[in-house]
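Take a look at the structure below.
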Amino acid sequence: MNFTILKSFWQRVLLCDFSIRDLPLFLRNVIVMIAIGKLFYGSYGVSVILSPLCLFWLVIQKEKKKRIENHELGVQFKDALMSVSTAQKAGYSIENSFAEAGKDMKLLYGKNSPICRELSKIELGIKNNIPIETMIKELGVTSKNKDIEEFAGVFLVAKRSGGNMTEIIERCVNVIGKRIAVENEIDVLIAAKRMEAQIMEVVPFGIIAYVGFTNPGFLNPLYGNPLGISVMTVCLVIYIAAYLMIEKIIAIEV
C-alpha cells in the first residue's frame, strides 16, 4: 500500500511541469520547512530531513493552481464561443469566426490571457491547413477541461456532418454557462469555509510559536529526546493529514 502511494506520488512529480516561475513558490516552501524544523523539533537541521516535503507540497500547489487556471480557461472559452456565434450570424465562416473571436478576446482579457494563447494556436493551425476541428480537439486534450473536451466532440461531429454550427455553438454556450453558474454559486457558498480552513492551517504554527516565545524553555522537554520527537512527529503527521483532507474537501468540481 505504501509503495503504491509512493509510486503514485512520483508519477505526479514526473507529470508536473516545473519551471523557473515556480522558484518563489519553492522558496516559500523551504521557509515553511525551516519553520517546521525549528518549531516542532527545535533544530534547523531537521529541515534538511524534511526537505522532500517541499517537493510534495509544490506538486500539490501546482495542481491547485492548474485547476484554477483550467477553470478560468473554461470561462474565457465560453466567452470566445459567444463571440464565434456572433461572427457566424454576421456571415463569417467558422474558421474566420474563431479568428474574430481571438481579436475580441484580446480586447476583453488581454493578449497574454490563456484563451488568447489557445486561439492563436488555432489560428496558426488553420493557416497551416490543419482542420479546425483537429485543433479544437487538441485543445481539449491538452487543457483537460471538460467543457472544451465535450465541445470538441460535438463540434467534430457537426463539422463533418454539416450541422447548423450557429445553433450548436449557442447550445454549447448555454450548457457551459449553466455549469459555470453552478460553480460560481458553490464558490460563494464555501468562500467563508475556505477562509476558515486557511486560517486553521496556520493556527498550529501560531500556537507553538506563541508558547515558545512567551515561555522560553516550556517546549524543551519535547526537543532532543526520543519521546518528545515521537510526540511532535505524530502531531506533524496529523497536521499534514488534516491539511490534505481540507484541500480535498474544498476542491469541489462540478
Show me, pair by pair, the donor-acceptor contacts under 3.5 angstrom made by side chains of residues 118-126, not counting sequence neighbours?
{"unit_1": "Ser120", "atom_1": "OG", "unit_2": "Cys116", "atom_2": "O", "d": "2.8"}

task: Using the test side-chain contact (heavy atoms from CB on, under 4.5 Å), find all partners of Asn225 that sit at least two apart in sequence or belong to another chain.
output: Leu227

- request: Take Asp147 and Lys78 through the test salt bridge (charged side-chain N to carboxylate O under 4.0 Å, His left out) and record every step on the way to the result.
  value: CA-CA 9 Å; Asp147 294 328; Lys78 184 207 70 169; over 6 Å; no

Salt bridge present between Glu167 and Arg171 (N-O < 4.0 angstrom): yes

Flag if over 12 foreign heavy atoms under 6.0 Å of CD, Glu138: no

- request: Would you kindly confirm whether Leu156 and Ile176 end up in one hydrophobic cluster when ILVMFWY residues are joined by side chain heavy atoms under 4.5 Å apart?
  value: no

- prompt: Going from CD on Glu69 to NZ on Lys66, what distance comes out if it is rounded to the nearest 0.5 angstrom?
  reply: 9.0 Å

message: Please check if the number of heavy atoms outside Tyr92 that lie under 6.0 Å from its OH is greater than 12.
response: no

field: Sequence neighbours excluded, every pair satisfying ring pair (Phe, Tyr, Trp, His ring centres under 6.0 Å) that has a member inside residues 117-166
entry: Phe77-Phe151, Phe151-Phe155

- prompt: Distance only, no hydrogens: is a donor on one side chain within 3.5 Å (strictly under) of an acceptor on the other, for Ser47 and Tyr41?
  reply: no

- prompt: Cluster question for you: counting only ILVMFWY and a side-chain heavy-atom cut-off of under 4.5 Å, with indirect links fine, are Ile49 and Ile229 together?
  reply: no

query: Got a salt bridge between Lys146 and Glu149, using NZ or NE/NH1/NH2 to carboxylate O under 4.0 Å?
result: no

- request: Identify whether Phe205 and Ile208 are in the same connected component of the hydrophobic contact network (ILVMFWY, side-chain heavy atoms under 4.5 Å).
  value: yes

